[in-house]
Structures are given as C-alpha cells and as structure tokens.
There are 2 protein chains.
Amino acid sequence: MKRIADSTVRRLSVYLRYLEELEARSIATTSSDELAAHSGTTSAQVRKDLSFFGSFGKRGLGYSVPELTDRIRQILGLGREWRVVIVGAGKIGSALSNYRGFAQRGFTVVGVYDNDPRKIGKRWDAQTVRDIVELEDDARRDRPDIAVLAIPADDVQGEVDRIVRAGIRAILNFAPAQVNAPPGVTIKNVNMAMELEGLSYALSHRE
Amino acid sequence: MKRIADSTVRRLSVYLRYLEELEARSIATTSSDELAAHSGTTSAQVRKDLSFFGSFGKRGLGYSVPELTDRIRQILGLGREWRVVIVGAGKIGSALSNYRGFAQRGFTVVGVYDNDPRKIGKRWDAQTVRDIVELEDDARRDRPDIAVLAIPADDVQGEVDRIVRAGIRAILNFAPAQVNAPPGVTIKNVNMAMELEGLSYALSHRE
DNA sequence: CAGTGTGAAGCACTTCACAGCC
DNA sequence: GGCTGTGAAGTGCTTCACACTG
C-alpha cells in the first residue's frame, strides 16, 4: 500500500473518537462535513484521508457510523490486543495505564519495569515492579508489542537499546531526549517540554 | 515578523536541549552538522531554522554555544517566568510539575484546581488543591499565563471556556478531546491515545 | 440534489547547491 | 578550507472544484 502520512493516521484517530461517540448515541449516519466540524479539519480533508483506504461512503447520503467505525478500527490495527510494557514506574506510565481508553482500545499492560531498587518489588497499579535488567528475559515469555518509555532523561538511549534487544518494535517515548532506533522500530516522541516551549513562543510573539 | 512554522519552533526546542548539554560540558562552539546529528534533522534544516531569526554563526567556524543558547532562549520566550495553573489534580499534572526541566526553564506552578470534593483542600506537591470554580477569581490575583488541562475527557470544552474566561491565553491540553478556543488563545494538544494508535497502525502495516 | 471521491492546483515545508565570509 | 546563509528547486500535504451517484 502507498505510504500514508502521519498526519492522516492521527486524524483517523480523531475521527474514530467522534464516531464512537455517535455510536454510543445510536446515530446511524454521518457526513464528512460533520466529522470535519468535530475534528478541527475540513470535509475535503476527511474524504481525502478516507479515500486512501477505500470508498466507505454513499454519495448523497454520507457514511454509516458502525461501518466506518469498524473500518477505521481495522485500519488502525485496533482489532487485536496490544501487549504493552511500561519502562519507568512513575506517574506518567501510571496515568497512561489508568486512562480508561487504554484498555478499551485493546492495550494491555503486561509488565512494569524500573531500575530503582526502592521501587522494584513494590505494587504499582495491578502490577509488581520488576527489575529492568529482566526485561529481555521476560520479553521472551510475555512477547510485548509496545514499550512505553517514561524515565528521566539520563541514558534514554541505553534503555531504547535494551527495549530493541528485547525484540520490541514500537516505543512511546516520554523522555525529553532525541533517540535513535534501528529501521523497523517505530518511535513516537511525546515531549512535554517542547509543547510548553511552543506555548512560550506563541505567548511571546503576539501583537 | 514572518510567520514561523510550528515544526521550526519544535526543532529550536530540541536544539536548545543539546546546546544546554554542550554548555554543561563547557564546549564553546558547535556546527549545524553537529546540531543536526543530535536533533534528528539535517544541517541545512538547522541553518534554515536559525536564519528566520538572524545570522548567529560565523562562516567557517560555526556557532558560539553560549551565544546561540541565549538567542534560542530569547526566541522561545524563556527569558522570563511563566505562571502555570494545573487544572485536574491528577498524575499527569504532577508528573509534569515534578519534571526538573519545568522549573528550570522558568515555568512556575501558581495553582492546582479540581472539581472533585475529595481532592479539594488536599495537599498536592507543594500546593493545596483549590475548587475549580475559584479559578476565575484567583486568576485576577495570580495572573497565570498558561493552563495545563489534565482532566478526563468529559466536558473538556466547559473547562476550556472557563480557562479562557479567566483570561489565560495558552493551554496545554492532555484530554483526548477536540477543543475550540477563540482566536488569540493558543492550544497545544498532547494526545496519548492518538500516539498509541499511531504505533498500532505502524505495527499493523509492516511488510 | 446532497454529499462522496478524486485529479489538479495551491501552498508550505524541506532539501539542494553554491556564493560569501572567516 | 570550512561552514554559514539563502535563493531556487523539490517534495508532499492540503484545498479546490466538479463529475458522479444514490
């Protein structure tokens, strides 16, 4: 399949959230106009995004909510369980795994790791914190798909390397550090410092 | 000044982090090549980004680390204190305000708010949680610049409206919901669900 | 006739390539 | 000689506009 822009995938995620809301309210159909209004984009953009994956609508009528919901879930790969390990037994990982949409969309925490002896062995949500050095061994058994990396900025690269050695090919990185991964490993960076500095910039450059 | 792309501002933030590291190691000069290597971009991109704001380098020599650090801080508006309120006394806000770079870059928490009676009045980091209905009154006294919105997805728009009424013109939104703000108010969305779904998509579309 | 699907046009960001300066 | 600064070219995402169809 043709390469899909990152921005397109992100918008699909937003469309999905609105479609789920419509589904909960038992609304049967919607239109590109309506989807656009609730997603902060334009109707042309919605139609273009969907067109990369097929023609899901009916001309003159719009889209069937249940059908489009299913198709987008399928496209995003949400039809299965994703096994997630949290590296860094801190507040960010905890906030993420407690988020109700997390389990709802098929993400399951199969392990929590830290390198701090004071944390190892302690209870953490429904898990017991394990020693980070055990990640590679455990991974052979647990077969995690995704690692959430939420540690302080020191030695982020070292932990990325460990995660990659453990055979995990997708990383959600909350550490404010630039990291390299081999081809075939996808990294998404969530950098709060960067976002705050973006706000600082915006506030500073107003008329 | 010419409008600057969001992506440029985000990269400046990354350059700054590397420059601070160089400064800590007392390294006096650097080059666009080196900055690029540590920021996941190209040297041409670095030079182009900087060129929007002036010419900070010396041909044949590169950039003075302290000078460029200062200039980027200035550009990003980090030369002053930014007063931040946290709306939603949960783990995300706590993780953010405990992040050492937060205070270091001039962001100060001046208030924490929640609507849960069980949380109001309780200690939360160095703050006492206040009732969200008091935000507007308090803002007249505290003059916050930025609101960090970290509440569950319900009624995000209502809280955005309240924040805007309180005169705050920059919002960092962690709630997975599309929100509208009047012109003049900048919103940055950090959507973890979207990032995870991006990873799900990437994992599902491999050869 | 309302609303989709889609080539074509428009626009914005990135990369190139080289003149200019230290 | 090395590295910056920058017009020009390239690339890719977004918007337009309209043919098409239920």
In whole Å, what is the span from the [atom1] atom of [X] to the [atom2] atom of [N]?
X	N	atom1	atom2	result
B/Arg47	C/dA19	CZ	P	15 Å
A/Leu50	C/dG5	CG	P	7 Å
A/Lys48	C/dG3	NZ	C1'	16 Å
A/Leu35	C/dT4	CG	C1'	13 Å

With sequence neighbours left out, what residues match [X] under side-chain hydrogen bond (donor to acceptor under 3.5 Å, both in side chains)?
X	answer
A/Arg140	A/Asp137
B/Asn191	none
A/Asp155	none

Hey, could you give me each pair passing side chain to side chain donor-acceptor pair (under 3.5 Å) that has a residue in residues 58-78 of chain A? Not counting sequence neighbours. A/Glu20-A/Arg73
Hits for salt bridge (charged side-chain N to carboxylate O under 4.0 Å, His left out) against B/Glu195, two or more places apart or cross-chain, chain-then-number order -> A/Arg10
According to the salt bridge (Lys or Arg N to Asp or Glu O under 4.0 Å) rule, which pairs have a member within residues 31-46 of chain B, sequence neighbours left out?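 Counting only pairs at least two positions apart or across chains, no salt bridge (Lys or Arg N to Asp or Glu O under 4.0 Å) contact touches residues 31-46 of chain B.
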Under a 3.5 Å cutoff, is there a donor and acceptor pairing between the side chains of A/Arg206 and B/Thr186?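 Present: a donor and an acceptor within the cut-off.
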Quick check on contacts: within residues 21-33 of chain B, what sits under 4.0 Å from DNA chain C by heavy-atom distance?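 Nothing qualifies; none.
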With a 4.0 Å heavy-atom cut-off, tell me which residues in residues 68-75 of chain A come close to DNA chain C, sorted by residue number. none
Treating A/His205 as the side-chain partner and B/Ile75 as the backbone partner, does any N or O pair qualify as donor plus acceptor under 3.5 Å? yes
State whether the side chain of A/Arg165 and the backbone N or O of A/Glu136 hold a donor-acceptor pair below 3.5 Å, judged by distance alone.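 Here the side-chain-to-backbone pair does not exist.
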With the threshold set at under 4.0 Å for non-hydrogen atoms, list the residues of residues 54-66 of chain B touching DNA chain D in residue-number order. B/Ser55, B/Phe56, B/Gly57, B/Lys58, B/Arg59, B/Gly60, B/Leu61, B/Gly62, B/Tyr63
Are any of B/Thr42's side-chain N or O atoms less than 4.0 Å away from OP1 or OP2 of C/dT15?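 Yes, B/Thr42 has a side-chain N/O under 4.0 Å of OP1/OP2 on C/dT15.
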Between B/Gln45 and C/dC13, is there a contact of a side-chain N or O with OP1 or OP2 at under 4.0 Å?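 For C/dC13, neither OP1 nor OP2 has a side-chain N or O of B/Gln45 closer than 4.0 Å.
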If you look at every heavy atom in A/Tyr113 and A/Glu134, which pair is closest and at what distance? CE2-C, 4.3 Å
Base, sugar-phosphate alone, or nothing: which one does B/Ser43 contact when heavy atoms must sit under 4.0 Å apart? nothing
The criterion is side chain to side chain contact (heavy atoms under 4.5 Å, CB included); which residues satisfy it with B/Asn180, sequence neighbours excluded? B/Gln157
Qualifying residue, where the test is side chain to side chain donor-acceptor pair (under 3.5 Å) with B/Gln45 and the options are B/Thr42, B/Thr41, B/Asp49: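 Result: among B/Thr42, B/Thr41, B/Asp49, B/Asp49 is the only option passing the side chain to side chain donor-acceptor pair (under 3.5 Å) with B/Gln45.
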Anything under 4.0 Å to a heavy atom of chain A counts; send over the first and last such nucleotide of DNA chain D, read 5' to 3'.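 The protein-touched segment is D/dC13 to D/dG22.
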Is there any ring-ring contact (aromatic ring centres under 6.0 Å, His included) pair reaching into residues 17-44 of chain B, and which pairs are they, with sequence neighbours excluded? B/Tyr18-B/His38
